[in-house]
Structure formats: structure tokens, C-alpha cells
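Starting from 1, each residue takes its place in the sequence as its number. FYI, side chains are in, hydrogens and waters are out, and symmetry mates aren't considered; it's all heavy atoms of this structure.
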Amino acid sequence: MGGISIWTISHLTHDYELQNMNHIVDGKTADMNDELLRSENIVDYATHSVEREITDTRLLRDPAFQRNVARLVDNDFQDAVPGLSLICSYYLYYPSENVSALWKADMDKNGTFTDVRARARAEGLSSSPRHVKAFAYMTEQGQAAWLAPYYSEALQRYIISYVCPVYKQGVMVAILGIDLDFESFMRDIYGDEPPEGDHGMMILSDASGKMTYSPEDPQGVRLEDLDIHLESSTDEVKVAGMTDAKMISYQWKGKDSIAAVTSLRNNMNLMDLRNVRQIYSRTHKALMQMGIGLILVCLIVSLLPVFMINRLSIRLQKVISAAKSVEAGRFDIDLHDTHQDDIGELSRNFQSMVQKVAASQQNLQYVSRHDPLTGILNRMGLDHAIQTWLLRHPDEPGALISIDIDAFKFINDLHGHLAGDEALRTLARKLRAAFGENHIIGRNGGDEFAVFMKNAAPEEVLDKVKFFSAQPKYFCFGGETHDFSVSIGYALYTGADMTLSKLFHQADTALYAVKLRGRNHYRCYEETMEKLNRTSLGFNLETIASNLPTALLVCEAAPRGRILFVNKTMLDLFECQNVNEFMNFTHGVQENIVCECDRPRVQAMVRHQLEEAASRQARSVIYCIHTFKGNRKQVYSIWRLADNPNYGRVFYASIVEHRLIEKDVVHDIGENS
């Protein structure tokens with residue numbers, strides 16, 4: 001029975017040690033993979049921004065465009081990099097142009113990122129990160145990748161890099177990436193523990209399990225040079241890194257050893273290497289302690305239960321207290337229980353879980369308060385940021401500015417919702433550029449944006465609003481540039497007696513006062529605006545145009561003028577199901593709505609009206625059209641020349657089938673009159 005008990009204890013201790021080895025490497029791997037994943041997310045987010053900006057590879061030949069994209073990428077990195085202490089450099093590189101558009105680094109290791117290109121050129125070093133010159137490898141891989149550690153002369157430290165290519169039309173047009181301080185990365189792994197101890201040896205290795213890296217040897221040394229020889233195959237190392245069920249065999253200083261292995265996201269492995277006999281030595285120590293304990297048990301049998309219960313109770317109380325803190329929303333707990341028992345394992349697992357929950361909560365909080373389309377604050381984020389500032393600065397001046405894109409539905413209907421999305425992103429970028437990072441900028445919803453200017457006097461607010469209103473505004477979509485305008489209303493913050501809802505109401509009222517007077521302007525809130533009848537806004541372009549009994553056409557004032565707008569009656573007249581079908585049928589040119597036989601007369605009318613533009617006199621003309629379904633119709637139309645603030649000189653034309661105003665109809669009208 002004694003032999004069986006000893007064998008059982010030894011076997012259980014061995015299995016527990018293997019589990020503990022896996023637990024150690026799993027815990028450290030989870031922490032490091034979280035850092036690596038957050039680093040990848042930063043680069044991927046910036047990469048998507050660049051992909052949206054580069055609509056045509058020819059744009060990269062324009063230095064001004066290159067600088068604008070670099071500023072956009074720099075803003076994306078600046079918003080995210082402060083949360084990751086390991087990042088020491090980030091960059092944007094154009095391989096086809098051989099241009100390093102952006103390269104900033106924390107040269108002094110104080111968290112301040114500066115442009116290192118000029119410094120590198122002055123010292124005779126490359127003005128681009130070394131590894132981006134090897135973009136041929138990335139072209140072959142066709143995807144983002146972590147690079148092996150190397151020493152950077154420009155950064156004067158060992159680094160590991162994550163680089164992501166941007167492709168357009170099958171060609172790599174840009175490379176974005178970040179550098180992580182490799183030595184800090186390793187210190188986070190090894191901590192203050194010695195490389196060898198009672199637990200064995202912690203090893204950061206390459207994917208093959210034959211090379212190790214440490215703060216003392218960041219360039220890497222072969223494990224064989226440390227008298228550690230891999231007996232398993234490299235394929236077994238790869239499989240073991242993906243599961244806890246497999247251990248790897250080594251010879252360590254001539255002794256049989258095993259290692260628990262996990263794979264990091266950057267193609268490295270983390271190992272806990274232990275001598276097999278060392279694992280069993282714990283069992284022997286336990287048995288010796290058991291023998292001594294049996295001798296002393298009679299002396300302390302009455303005190304031991306009390307002591308153990310009290311000791312366990314104290315440790316359990318720490319876990320319970322930590323759980324209550326988490327329940328209350330506080331995640332900064334620190335259990336520090338290193339005991340190798342169930343309570344110790346419970347404490348460590350609970351600590352690890354809380355850290356992951358805290359990280360997830362931070363990410364969730366960011367997503368819940370930011371608009372995914374534009375990257376700026378959403379309404380929830382706006383309310384929180386503004387309310388926080390008002391509570392901390394109740395007596396300082398400020399202003400809430402409400403901005404709305406004029407005729408935004410017209411942009412969506414004419415060019416599509418993707419064009420509307422680009423207009424929204426463009427306006428968000430222009431607001432950040434005009435008002436800067438010191439003020440609160442967000443998307444209130446739909447096509448309405450808001451800016452809260454902090455600690456701003458009324459004169460400063462007026463100057464900013466006037467300047468932004470006068471700026472030309474356009475967005476690029478489908479290879480074309482489209483102008484748009486905005487209406488702006490703002491309200492001044494007058495002190496602690498003004499609530500946030502009241503401030504939003506006043507800015508909204510001023511905005512609608514601008515729209516009632518023709519849009520594309522700005523106004524400050526006045527009490528008299530409360531008497532404005534907003535129901536007049538109900539008669540907008542959509543409701544009027546959709547209910548007109550005649551077809552409506554708006555086009556540029558030219559013989560081959562570009563079509564700017566058509567209503568539903570116009571689509572019905574040409575037997576088209578939607579605007580896209582109509583624009584494809586006419587190629588977006590007003591000349592193509594007229595049959596070829598009648599085009600000379602219509603063009604003559606257009607030219608004549610342009611020559612007498614000052615009179616603004618309407619003219620009528622009768623001509624034939626061909627519908628989308630091939631039917632021929634004769635129509636009667638009236639054309640008027642006018643000026644539009646967004647499109648310049650345009651024609652407004654109402655069109656009706658000629659048969660509707662023929663003899664019978666005219667006769668009925670005559671009798672009624």
C-alpha cells in the first residue's frame with residue numbers, strides 16, 4: 001500500500017508540474033499576444049485609411065497628396081500609440097516612388113515621437129526604415145507580416161517590426177509599419193526572474209525551437225551553444241506551439257528535459273524548459289516533508305487545523321475582496337498569490353481574467369464612443385466629452401457648433417451611398433484640420449456634425465466659424481471631384497446655469513435658421529429664432545420634386561451639359577426604374593435625352609439662351625425622345641437659366657408629353673376659362 005501511495009503521489013505531482021509549465025507559458029503568451037494584437041490593429045486601421053485615400057495610383061505622383069496621406073496616417077498613429085509602451089517607431093513608405101513619406105520614432109525613450117528622416121540623412125544613414133527596402137518579399141507573400149529581430153542603426157536598438165502592404169490594381173503602392181522595442185519586449189517576458197531557477201528555464205525562441213533570444217543576447221544565440229539540444233523535430237515544435245497536449249524533448253547539459261511550448265503572433269515561441277529529474281525531485285521533497293510531518297503531527301494536531309483554516313481564509317478573503325472590486329467596476333486588483341495550490345491557481349487565473357476583461361472593456365468603451373465611418377466621436381462620445389469639460393470648467397467660455405451638409409440626400413441619390421460616405425469622411429477630416437485636437441469634434445448623427453470649442457471667446461468662435469464656412473469643400477469619388485456646402489449654427493456657453501441639452505437645442509435652432517434662409521451660411525443663436533416655423537422646411541427638394549406633375553431636369557448650362565438631377569416623373573417618362581439606369585442610358589449628358597433629328601434645334605435654343613443670359617427669360621421647345629424601352633415620344637419642355645451656389649450656371653427644365661397638351665386638353669381648359 002505504501003509503494004502504491006508513493007507511486008500515485010509521484011504520478012500526480014508529475015502531471016501537475018506539466019500543467020503548471022503549460023499554465024506559465026500560456027499566461028505570458030496571452031499577455032504578449034495582447035500587445036502584439038493591439039499593435040497589429042493600429043497598423044491595420046491606418047492601412048484601411050490609406051486604402052480609402054488612394055483611389056488611383058497616379059495620385060501618388062503628387063507630392064501634396066503624399067503629404068496629405070502622411071498627415072492622415074500620422075494622426076491615426078498618434079491617437080493609438082500612447083497606449084502601447086513597446087512601440088518605438090512607425091512609418092509610411094511608397095515603394096514605387098522610393099519615398100519615405102512618414103517615419104517617426106521615440107529616439108529618447110521618453111514617449112515623444114519625432115521625425116527621424118532628417119536626422120538619419122544628416123548622419124549618413126538611410127532615410128527609410130531598413131526592412132521596407134525588402135518589399136519584394138512582402139510582394140511575394142501578399143499580406144502583412146512580422147519580421148525577425150534585427151538591430152536598427154537609426155533607432156540604436158534591437159527591434160521587431162510589423163509591416164502591412166497596400167495594393168491597388170495588383171501593385172504594391174504603400175507599406176505601413178511599426179517597430180517594437182525588442183529588448184523591452186523580452187524584459188516583459190523574463191521579468192526579474194533569473195534565466196535558470198527551481199522552475200527550470202524560460203526561453204524565447206524562433207519558430208524552429210533552435211535559436212533563443214534574451215536581453216543579454218538580443219541578436220540571438222543557438223541553443224546548442226548553451227548545451228541545449230533539440231531531440232524532437234521542428235514540425236513537432238510547430239504542433240506543440242498550438243496545443244497544450246504535447247511537450248518537446250531536449251537534452252540539457254546531457255540530461256533528459258522537456259519543454260512546454262506556445263506560439264506568439266510574431267512567429268516566435270515561448271518555452272518553459274525543465275529537467276525531467278528536477279520535476280520528480282519535487283515529489284521526493286514532498287515525501288521527505290511528509291515523513292517529518294508525521295513525526296510532528298501528534299504535537300501540532302490540535303493547532304494545525306486552526307492555523308490552516310485561518311491561512312486559507314485570509315487568502316480566500318483576498319479573492320472575494322477582489323471579486324467585489326470587479327463587481328463595482330474597479331479592475332486595478334493585484335492578488336500576488338504565488339502558492340502552488342488550488343487557491344493560488346484560482347488567484348492567478350482570476351487576475352489574468354480581470355486583466356483581459358479590463359482590456360476588452362477599454363476597447364468596447366472606445367468603440368461605443370466613436371463613429372466607425374469617420375473615426376471621430378459619436379453622439380454618446382460627444383455628450384460624455386462635453387459634459388465632462390463643463391463639469392470641470394463651469395465658468396469658462398465656450399461654444400457648441402452644429403454643422404450640416406446641404407442637400408446630403410441629393411448626393412446619395414445622384415452619386416450613391418458610397419459617395420455620401422466619402423463626403424462624411426471628408427467633412428470629418430476638414431473639421432479636425434480646421435479646429436485642431438484641442439476642441440471636441442464628433443458626428444451627431446446622419447450628416448450632422450458638432451464641434452465644442454473649449455475656453456473660446458465669442459470673437460474667436462466667430463472667426464473660426466467664418467473661416468471654416470468660407471473654405472472650399474469637395475470630396476473625390478469615382479475619379480471625380482464633387483463640391484458640397486454646409487450650413488452652420490452655433491450657440492455660446494454662458495455659464496453653469498446652461499445645461500448640455502439646452503446648448504444643443506440652441507445650436508440646432510441656429511442651424512435651422514440658416515437653412516430657412518437658403519443654406520451655405522452660418523448664424524449665431526438668438527432668442528428670436530425660437531419663433532421660426534420649422535414646418536416650412538418640410539417642403540424640400542425631395543418632397544417637391546417627387547410630387548411635381550411634370551418631369552424635372554437640372555443640368556449644367558452647356559450644349560452637352562452634365563445632368564445634375566432628375567425627379568421620379570422624369571424616370572417614368574423615360575421608362576427607367578431608377579436614377580442609375582437613367583444615367584447609364586443617357587451617359588449623364590442632357591444632349592442624349594433628345595433624338596438626333598431634333599438635337600440641332602435644342603442646341604440652338606440652349607446657345608440662344610446662354611447668349612441672352614442676363615434676361616433670364618424662359619424658352620420652350622418641342623422635340624422627340626427615345627425611352628429606355630425603345631419607345632418614341634414627343635415632348636414639350638420649358639427651359640430656364642439660373643445660377644446655383646454649388647454648380648454655377650445651370651438649366652432648370654420641366655418636360656411633359658406633348659399629347660397631354662394637344663387639342664382636347666386645350667379645348668377643355670378653354671371652356672373652363
Inset, instruction - Taking the side chain as every heavy atom from C-beta outward, state whether Val486 and Leu427 have any pair of such atoms under 4.5 Å apart. - result: yes
Legend entry - Candidate pair Ile178 and Tyr91, rule side-chain contact (heavy atoms from CB on, under 4.5 Å), full reasoning: CA-CA 7 Å; Ile178 58 171; Tyr91 38 83; 5.8 Å; no
Legend entry - Minimum heavy-atom distance Cys476-Glu422, with the two atoms named: O-CG, 3.4 Å
Legend entry - Set of residues satisfying salt bridge (Lys or Arg N to Asp or Glu O under 4.0 Å) with respect to Glu35, sequence neighbours excluded: none
Inset, instruction - For the pair Arg429 and Glu53, find out whether any cationic side-chain nitrogen is under 4.0 Å from an anionic carboxylate oxygen. - result: yes
Inset, instruction - List the steps and the verdict of salt bridge (Lys or Arg N to Asp or Glu O under 4.0 Å) for Asp406 and Lys515. - result: CA-CA 8 Å; Asp406 296 332; Lys515 288 185 174 293; 3.6 Å; yes
Legend entry - Phe475 side chain reached by Leu424 side chain, heavy atoms, under 4.5 Å: no
Legend entry - Heavy atoms of other groups near Gln471 CD, more than 12 under 6.0 Å: yes
Inset, instruction - May I have the step-by-step check of side-chain contact (heavy atoms from CB on, under 4.5 Å) for Val73 and Leu176, ending in yes or no? - result: CA-CA 9 Å; Val73 172; Leu176 286 90; 3.8 Å; yes
Legend entry - His415 and His482 aromatic ring geometry - parallel, tilted or perpendicular at 30°/60° bounds: tilted
Inset, instruction - Could you pull out the closest heavy-atom pair between Phe484 and Ala423, with the gap in Å? - result: CZ-O, 4.4 Å
Inset, instruction - Check whether any side-chain N or O of Tyr493 sits under 3.5 Å from a backbone N or O of Gly495 as a donor-acceptor pair, and report yes or no. - result: yes
Legend entry - 4.5 Å side-chain heavy-atom contact, Leu155 and Cys88: yes
Legend entry - Pairs touching residues 458-472 that satisfy salt bridge (charged side-chain N to carboxylate O under 4.0 Å, His left out), sequence neighbours left out: none
Legend entry - side chain to side chain donor-acceptor pair (under 3.5 Å) between Ser161 and Trp146, worked out: CA-CA 6 Å; Ser161 306; Trp146 281 97; over 6 Å; no
Inset, instruction - Starting at CG of Leu390, measure out to CD of Gln387 and round the result to the nearest 0.5 Å. - result: 5.5 Å
Legend entry - Distance in Å, Leu511 CG paired with Met529 CE, rounded so as to fall on 0.5 Å steps: 10.0 Å
Inset, instruction - For residues Tyr490 and Tyr522, establish whether the separation of their ring centroids is below 6.0 Å. - result: no
Inset, instruction - Could you tell me the separation between the CG atom of Leu400 and the CD1 atom of Ile440, rounded to the nearest 0.5 Å? - result: 9.5 Å
Inset, instruction - Measure the spacing between CG of Asp62 and CG of Asp56 and express it to the nearest 0.5 Å. - result: 11.5 Å
Inset, instruction - Check the side chains of Asp371 and Thr374 for a donor-acceptor pair under 3.5 angstrom, ignoring hydrogens and angles. - result: yes
Inset, instruction - Kindly determine whether Asp404 and Ser487 satisfy side chain to side chain donor-acceptor pair (under 3.5 Å), including the steps that lead there. - result: CA-CA 5 Å; Asp404 186 275; Ser487 297; 5.8 Å; no
Legend entry - Distance, nearest 0.5 Å, that separates CZ of Phe435 from CD of Glu437: 13.0 Å
Inset, instruction - Begin with the C-alpha distance, continue with both residues' side-chain angles, and end with the deciding distance and a verdict on salt bridge (Lys or Arg N to Asp or Glu O under 4.0 Å) for Asp181 and Arg157. - result: CA-CA 7 Å; Asp181 189 319; Arg157 68 186 84 178; 3.4 Å; yes
Legend entry - Closest contact, heavy atoms only, Ala642 versus Tyr652: CB-CE1, 3.6 Å
Inset, instruction - Please examine the side chains of Phe113 and Asp115, heavy atoms only from C-beta on, and report whether any two atoms are closer than 4.5 Å. - result: no
Inset, instruction - May I ask you to test the Ile386-Phe504 pair for a side-chain heavy-atom distance under 4.5 Å? - result: yes
Legend entry - Check: His505 and Ser501 side chains under 4.5 Å, non-hydrogen atoms: no
Legend entry - Flag side-chain contact, heavy atom, 4.5 Å: Glu40 against Tyr45: no
Inset, instruction - Please identify each residue that fulfils side-chain contact (heavy atoms from CB on, under 4.5 Å) with Val173, with sequence neighbours left out. - result: Ile54, Thr57, Leu60, Val166, Lys168
Legend entry - Exercise: do Gln143 and Tyr167 side chains pair donor with acceptor under 3.5 Å: no
Legend entry - Flag, side chain of Asp421 to backbone of Arg425, donor-acceptor distance under 3.5 Å: no
Inset, instruction - For side-chain contact (heavy atoms from CB on, under 4.5 Å), just list the numbers for Leu59 and Phe65, CA-CA rounded to whole Å, side-chain angles, deciding distance to a tenth of an Å, and then say yes or no. - result: CA-CA 7 Å; Leu59 294 172; Phe65 179 80; 3.7 Å; yes
Inset, instruction - Could you check Lys28, Met32, Glu183 and say which one makes a side-chain contact (heavy atoms from CB on, under 4.5 Å) with Asp188? - result: Met32
Inset, instruction - Please confirm whether Lys430 makes a cation-pi placement over Tyr474, using NZ or CZ under 6.0 Å from the six-membered ring centre and within 45° of the ring normal. - result: yes
Legend entry - Exercise: identify the closest heavy-atom pair between Ser184 and Leu86: CB-CD2, 3.7 Å
Scan the side chains in residues 446-455 for donor-acceptor partners under 3.5 Å anywhere in the protein, sequence neighbours excluded, and list what turns up.
| unit_1 | atom_1 | unit_2 | atom_2 | d |
| --- | --- | --- | --- | --- |
| Glu448 | OE2 | Ser402 | OG | 3.0 |
| Glu448 | OE2 | Asn444 | ND2 | 3.3 |
| Lys454 | NZ | Asn438 | O | 3.1 |

Inset, instruction - Compute whether any side-chain donor of one residue and acceptor of the other, for Glu396 and Trp389, lie under 3.5 angstrom apart. - result: no
Legend entry - Spacing of CZ belonging to Arg265 relative to OG belonging to Ser39, to within rounding of 0.5 Å: 10.0 Å
Legend entry - Test item: His370 and Leu377 side chains (from C-beta on) under 4.5 Å apart, heavy atoms: yes
Legend entry - Over all atoms of both residues, closest heavy-atom pair of Thr47 and Pro165: CG2-O, 4.2 Å
Legend entry - Heavy-atom closest pair, residues Ala105 and Val116: CB-CG1, 3.7 Å
Inset, instruction - Under the side-chain contact (heavy atoms from CB on, under 4.5 Å) rule, what do Asp79 and Ile42 come out as? Steps first, then yes or no, please. - result: CA-CA 9 Å; Asp79 290 342; Ile42 294 173; over 6 Å; no
Inset, instruction - Give a yes or no answer on whether the side chain of Asp34 reaches the backbone of Ala30 with a donor-acceptor pair at less than 3.5 Å. - result: no
Inset, instruction - Give every residue pair that meets the salt bridge (charged side-chain N to carboxylate O under 4.0 Å, His left out) criterion with at least one member in residues 376-395, sequence neighbours excluded. - result: Arg379-Asp383
Inset, instruction - Measure from the side-chain N and O atoms of Asn378 to the backbone N and O of Met380, and report whether any donor-acceptor pair falls under 3.5 Å. - result: yes
Legend entry - Gln78: side-chain contact (heavy atoms from CB on, under 4.5 Å) partners, not counting sequence neighbours: Asp74, Asn75, Tyr90, Lys104
